[in-house]
Amino acid sequence: MNTKSNFKVIIIGCGIAGASLAYFLAARGMRDILILEREDQPGYHATGRSAAVLVELDLVPSILHLKLLGGRFLRNPPPGFSGNPLLEESGILITFQGPLWEQVSEMVPDLRQSGVVVDLLSQEETVSMIPVLSPENFDGAVLLPKDGHIDVNELLWSYLRHAKRQGAKLRCKEEVRDIKTDQGRCRGVVTSRGEYSSRWVINAAGAWGGRIRGLLGYSPVQLTAHRRTIITFAAPEGLAVSKWPLVADLSHDLYFSPESAGLMASPMDEDPMEPCDVRPDELMVAQTIERLKQLTPRLVFKSITNKWAGLRTFAPDQVMVVGEDPEVKGFFWLSGQGGAGIETSSAVGQIASELILDGRTKLIDAQIISPARFTA
Ligand SMILES: Cc1cc2nc3c(=O)[nH]c(=O)nc-3n(C[C@H](O)[C@H](O)[C@H](O)COP(=O)(O)OP(=O)(O)OC[C@H]3O[C@@H](n4cnc5c(N)ncnc54)[C@H](O)[C@@H]3O)c2cc1C
């Protein structure tokens with residue numbers, strides 16, 4: 001085992017958040033980076049369980065801004081960043097009903113102004129594209145033909161490969177159990193295997209972010225993890241689904257999309273949970289089937305081929321928490337990625353690296369994402 005115990009930055013957690021920060025810090029020349037991951041592989045929790053799509057539409061302006069920045073990186077990563085394309089422009093189709101449809105329709109000119117390719121579809125146009133939908137369930141749809149599936153494995157490992165090449169160290173099966181402080185400043189961590197000192201300790205622990213800050217006393221940020229369930233199943237015979245976009249019905253909480261040889265679907269559940277290695281809830285699986293029956297009866301299947309669940313972790317205002325802790329110097333939040341942590345990872349990783357190295361960023365108003373917003 002490497003016996004080095006002094007680092008500039010220790011990142012707790014090797015999901016997409018920790019990996020992207022390591023990448024951007026290393027790209028700026030930082031060499032002394034240690035990533036600590038409790039599981040035996042990176043990406044075991046939320047990162048490895050997501051639907052992994054880029055959707056450049058969001059009612060929260062700061063999240064939309066981060067998605068747009070993330071989309072640019074996914075389409076045009078730096079030369080040599082990845083071996084395979086990061087984004088498959090398989091498309092996203094979202095149906096809306098009532099006032100939400102009006103609200104979203106009004107956002108379209110601004111989206112186009114930002115460079116997003118977006119079409120508004122009537123009920124007829126939508127049904128001719130996805131014949132299993134019924135027009136009585138929605139007023140219209142937004143099609144984002146240039147968005148779609150992210151190769152999350154490629155993205156995660158590309159961040160890590162480059163960071164490691166620049167000297168960053170990754171240690172799996174090593175859990176952070178305590179944080180060392182001295183005179184109100186972070187000095188390092190105590191793990192299941194030893195002790196390390198560092199100038200910065202980064203909270204990229206996903207659903208465990210609140211517990212990590214709890215090691216230092218009462219947390220100024222309340223993070224809540226919410227379970228989300230996904231099932232996969234065979235597509236009905238005679239229905240060509242492989243070229244479908246991901247279809248989301250926000251009025252009835254259901255999305256489905258081609259996945260491997262068949263389809264996947266989620267009931268968009270949001271049950272709050274204690275952080276854990278979450279499993280799918282049978283009630284949610286049954287609810288997915290029920291919603292498919294009601295909204296797209298032609299998709300009802302004989303058996304489920306796979307099912308899983310993951311945790312999406314949110315701050316109270318649903319915006320990410322990125323920045324130095326208002327009370328403990330050297331403790332840096334990279335948490336609360338919610339349901340957009342993959343698509344925004346390059347933007348958030350770069351912003352975090354700039355805040356750490358330069359103390360400022362031009363990519364976003366840092367106050368909006370700062371943990372200090374909860375103590376002001
Ligand atoms: C079903 C589902 C669908 C989703 N769909 C999308 C989508 O389409 N697009 C999108 O962008 N996002 C999506 N997301 C959200 C996305 O997956 C998350 O925002 C993102 O993965 C969060 O990354 P993270 O690195 O913060 O957390 P994680 O991936 O959970 O990583 C945190 C890591 O910290 C480690 N850790 C915790 N405590 C300790 C400790 N004490 N010591 C050492 N290590 C520790 C954990 O083991 C874990 O590996 C989805 C999520 C789910 C569950």
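Note that this is a predicted model, so its numbers are computed, not measured. Both ligands and their constituent atoms are indexed starting at 1 by order of listing.
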Taking all heavy atoms of Gly194 and all of Glu174, pick out the closest pair and write down the distance.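 Looking at all heavy atoms of both residues, the closest pair is N-OE2, 4.2 Å.
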Between Thr305 and Ala234, which heavy-atom pair has the shortest distance, and what is it?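 Smallest heavy-atom distance, with atoms named: CG2-N, 4.4 Å.
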Hey, is ligand 1 close enough to [X] that some N/O pair sits below 3.5 Å?
X      : result
Leu334 : no
Ile212 : no
Ile16  : yes
Val176 : yes
Glu37  : yes
Ile342 : yes
Thr344 : no

For atom 29 (O) of ligand 1, what is the nearest protein heavy atom, given as residue, atom name and distance?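 Result: Thr47 OG1, 2.6 Å.
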Atom 8 (O) of ligand 1 - nearest protein heavy atom and its distance: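 Looking only at protein heavy atoms, the one closest to atom 8 (O) of ligand 1 is Val53 N, 2.9 Å.
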Connecting only ILVMFWY residues whose side-chain heavy atoms lie within less than 4.5 Å of each other, what is the rest of Trp208's hydrophobic cluster?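 Besides Trp208, the cluster holds no residue at all.
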Give the numbers and elements of all ligand 1 atoms closer than 4.0 Å to a heavy atom of [X].
X      : result
Leu311 : 53 (C)
Ala51  : 3 (C), 4 (C), 5 (N), 6 (C), 8 (O)
Gly206 : 26 (O), 27 (O), 32 (C)
Gly338 : 15 (C), 18 (C), 19 (O)
Arg228 : 1 (C)
Ala52  : 5 (N), 6 (C), 7 (C), 8 (O)
Arg49  : 1 (C), 2 (C)
Glu343 : 9 (N), 10 (C), 11 (O)

Counting only heavy atoms closer than 4.0 Å, does ligand 1 sit against the backbone of [X], its side chain, both, or neither?
X      : answer
Thr313 : neither
Arg177 : neither
Ala204 : backbone

Considering Ser50, Gly310, Gly209 one by one, which has a heavy atom nearer to atom 14 (N) of ligand 1 than any of the others?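 Nearest option to atom 14 (N) of ligand 1, by heavy atoms: Ser50.
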If you measure from atom 13 (C) of ligand 1 to every heavy atom of Gly339, Gly18, Ser20, which option wins on shortest distance?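 Selected option, by shortest heavy-atom distance: Gly339.
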Compare all side-chain heavy atoms of Ser105 with those of Leu120 and state whether any distance is below 4.5 angstrom.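 Yes; the side chains approach each other to less than 4.5 Å.
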